[in-house]
Every structure is written in C-alpha cells, then in structure tokens.
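Below is one structure, written out as structure tokens, with a few remarks after it.
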Protein chains: 2
Amino acid sequence: MSGMGESGKDSATEMSFALHSAARLLRRNFDRRARDHGLSDARWQVLWHLTREQGLKQTALAGRLEMAPISLARLLDKLQGEGLVERRPDPQDRRCFKIYPTDQVQPAMALLGDLAEETRNHALDGFTAAEIGQLQALLGRLRKNLIGEEIECD
Amino acid sequence: MSGMGESGKDSATEMSFALHSAARLLRRNFDRRARDHGLSDARWQVLWHLTREQGLKQTALAGRLEMAPISLARLLDKLQGEGLVERRPDPQDRRCFKIYPTDQVQPAMALLGDLAEETRNHALDGFTAAEIGQLQALLGRLRKNLIGEEIECD
DNA sequence: ATGAAATAATAAGCAGGCTTATAATGAGCG
DNA sequence: CGCTCATTATAAGCCTGCTTATTATTTCAT
C-alpha cells in the first residue's frame, strides 16, 4: 500500500465504497424478506449467535457481534419484550445477566435461516465455493487489520 | 450455490457476517479520524461524489450514492447549514435543485482524502494491488446480483 | 385545454449504530 | 475493614439509514 499512485488511491476508494454498498444491499435484501415476519437482519444476528452460545452475558455477546454493549442492550430490550430472549440474573455476579433464547426462537430461526439462504443464493449467484472462500479470506484479513485498534472483548 | 450442504450454508452465513463487520469497522475507523474535524464518512462520500459531478440534482446524487433521496435530503440540510454545499434552483424545472459544493469544500476534501488514505492503508495492510482488485471484483459481482432488484436511477 | 399519472423534494416517525455519562456491584490493596 | 478502581448494565441524545405519505410541479393523453 505504500507508494501507490493516484489511480491506486482511487481504486482503493472505490473498493471502500463497494464494500459499504455490498453490505447495505445485502442487509436491505434480507430485511425486505424478514420484515413481514417482524424481524430484521440485526435481530437475526443476535439470535444466531445466541442459539450457538447460550447464557452469554451481554458484554460477551456484544463482543461476538462486534458492537458496543449499549447498542445490544436496546435490541435485547425489544427482543425480550417480544418474548424471544430471556435475561437471567447471574448468581455469581449480581451486576450481570445471562442471555438465553426462549422456546419461540427455534421456529423463528428456521424461518430466518431459509430467508437468509434465499438472500445469499441471490447475492452469490455465479460464485464458486472457492470464490466465496476467497472473499471471506480477504474480508477476514481486512477485519483483522482494523480490529487491532478496537477494544478486545472476552 | 445450489445443493450446498450445511457447512457451505454456515460458511456463507459467516461471509455475510464478515461483510457487515468489515464495512462497519472501516466506517468506524474513518469516523474516529474525521470526528475531530466535525466530519464523517457519510458526509465525505457526499462531497466526494459532488466534487466529481457538480450540479447534480438530488435524485441523481442519491442514485450515485445508492441511497434513498430522503436520506440524502437531511444530510444536505446539515451540509448546507454548515456552508459546505449550495442548492441552486433549476430554471428548467422548478421542482428540483442542483447541488454544488462551496469554496469551503476543497480544503476539507484534501484533509478527508488524507484521513481516508490512512484508514485504507491500515485496513489494506499486507494486501497486494492484485488482491485489492480481486476483492473489488468479487464485491462488484455481489452488488450486481443484488442491485437488479433495486430501483434503477438516472 | 384539462385532468390523470409520474417525478422532485420533503415531513414524520422508526431502526439500529455510536459516544458520553451514571449507578450498582465486584475486586484488590492499604 | 475501607478506599479506590475496574466492570456491567443502562440512560440520554446524536447520526444516518429506511418506509410511508404529502406537496408542488411537470408531462402526457385525451
């Protein structure tokens, strides 16, 4: 990246734009499908992580999601209000709660999994498995470069 | 993408997650740098497009940015309030305005360009030019697949 | 010419991310 | 013990995106 000319700078600028654009398009596509069911991409990501690691405390879950704990708190407020998650006090540490999905989550996850697959099939039309792996690898390196400066989580 | 097993589904799910995460990390990194100057990623993208194509009307500019016109409107309100852009009425069509950057924009762009370069240098540390091209190509194909369903703009 | 449909900008209100600041609890050290 | 400091969750308020609905204007068919 050192000593690249003007054209290199612009191509990297456009790559940044493409990255934001791709993420937004993907989210929007999924949200359109999920909206009729009262769900969204953000909620799905929370539930997806939560069904894989039950009983996480909020800071740890926020770490998995790479978002600020306070951003998660409001999401959980709503999910709890809809009966999708449960906050159980931790007897070992009265400051924190452990988060669990409720029974209602399983059918919702099945539905959302299908919707997510539709979105991905559409987005990745014409991609080989190798290309998907390549994309993920490149994104992973980019994330790793950036995450160094972020606060580490549990 | 058809007929992929469970592991393929999960890897594609994680790719989606990585995509959102990468975009968010990149934006956050830039915003941290720009905040002290009262600017942000979203504002920079508006100004960047605007200096390249002056006198666009709002719908066309929103199209370039791939965002809804109303989302742009409020951004422009603030940018106009800060004296960075100007809305000039179009004598040919009294419904619309043409948007121009003011003289204040040029120095701001120089500064933001440097900040953007810092962010990119950090994010793309260890990437070859070929890899950046590869990433952009993959993202471009993904976008093209998704944008078909979106409304086309000027 | 005139009335219907399309288009440009906006308003209102929601979603989901952030920073900064606070309250409650836990942990460590004198 | 008691004081300080770190950690957990939350509150308040901003930014930027969205959908849906409204207003003003243009365009076009009749």
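Proteins get letters first, then strands, A, B, ... in listed order; numbering begins at 1 in each.
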*Can you find a donor-acceptor pair, distance only, under 3.5 Å between B:R95 side chain and C:dT7 base?*
yes
*asked:* Checking contacts here: which listed nucleotide (C:dT10, C:dA8, C:dC18) is nearest the side-chain heavy atoms of B:A73?
replied: C:dT10
Looking at [X], I'd like to know whether one of its side-chain N or O atoms comes within less than 4.0 Å of OP1 or OP2 on [N].
| X | N | value |
| --- | --- | --- |
| A:R28 | D:dC18 | yes |
| B:R94 | D:dT27 | no |
| B:T59 | C:dT7 | no |
| A:K57 | D:dT8 | yes |
| B:S71 | D:dT16 | no |
| B:R35 | D:dC15 | no |
| A:R74 | C:dC18 | no |
| A:Q58 | D:dT10 | yes |

Between atom [atom1] in [X] and atom [atom2] in [N], what is the gap in whole Å?
| X | N | atom1 | atom2 | answer |
| --- | --- | --- | --- | --- |
| B:Q80 | C:dT10 | CD | C1' | 13 Å |
| A:H20 | D:dT16 | NE2 | P | 12 Å |
| B:D31 | D:dT16 | CG | P | 8 Å |
| A:R24 | C:dG16 | CZ | C1' | 15 Å |
| B:D41 | C:dG17 | CG | C1' | 13 Å |
| B:L75 | D:dG17 | CG | C1' | 9 Å |
| B:F97 | C:dA9 | CZ | P | 8 Å |
| B:E66 | D:dG17 | CD | P | 12 Å |

*What do you reckon, are the aromatic ring centroids of A:H49 and B:F17 less than 6.0 Å apart?*
yes
_For B:L39 and A:P69, find the nucleotide of DNA chain D closest to each by heavy atoms; which residue's nucleotide sits nearer the 5' end?_
A:P69
*asked:* Assuming nearest nucleotide by heavy-atom distance, tell me which of B:P91 and B:R43 is located more 5' along DNA chain D.
replied: B:R43
_Earlier contact from the 5' end, DNA chain C, for A:Q92 and A:K78_ = A:K78
*For A:D93 and for A:I70, locate the closest nucleotide of DNA chain C by heavy-atom distance; then report the residue assigned to the nucleotide nearer the 5' terminus.*
A:I70
*Does A:L61 share a hydrophobic cluster with A:M67, counting links as ILVMFWY side-chain heavy atoms below 4.5 Å and allowing steps through other members?*
yes
*Mind checking A:R27 for me? I need base, sugar-phosphate or nothing, with any heavy atom below 4.0 Å counting as a touch.*
nothing
*asked:* Please check: side-chain N/O of A:D90 versus main-chain N/O of A:K98, any donor-acceptor pairing under 3.5 Å?
replied: no
*Which atom names give the shortest non-hydrogen contact between A:L115 and A:A34, and what distance separates them?*
CD1-CA, 3.8 Å
*Is there a donor in the side chain of A:N29 and an acceptor in the side chain of A:T119, or the other way round, less than 3.5 Å apart?*
yes
*Would you say the side chains of B:R35 and B:S40 form a donor-acceptor pair under 3.5 Å?*
no
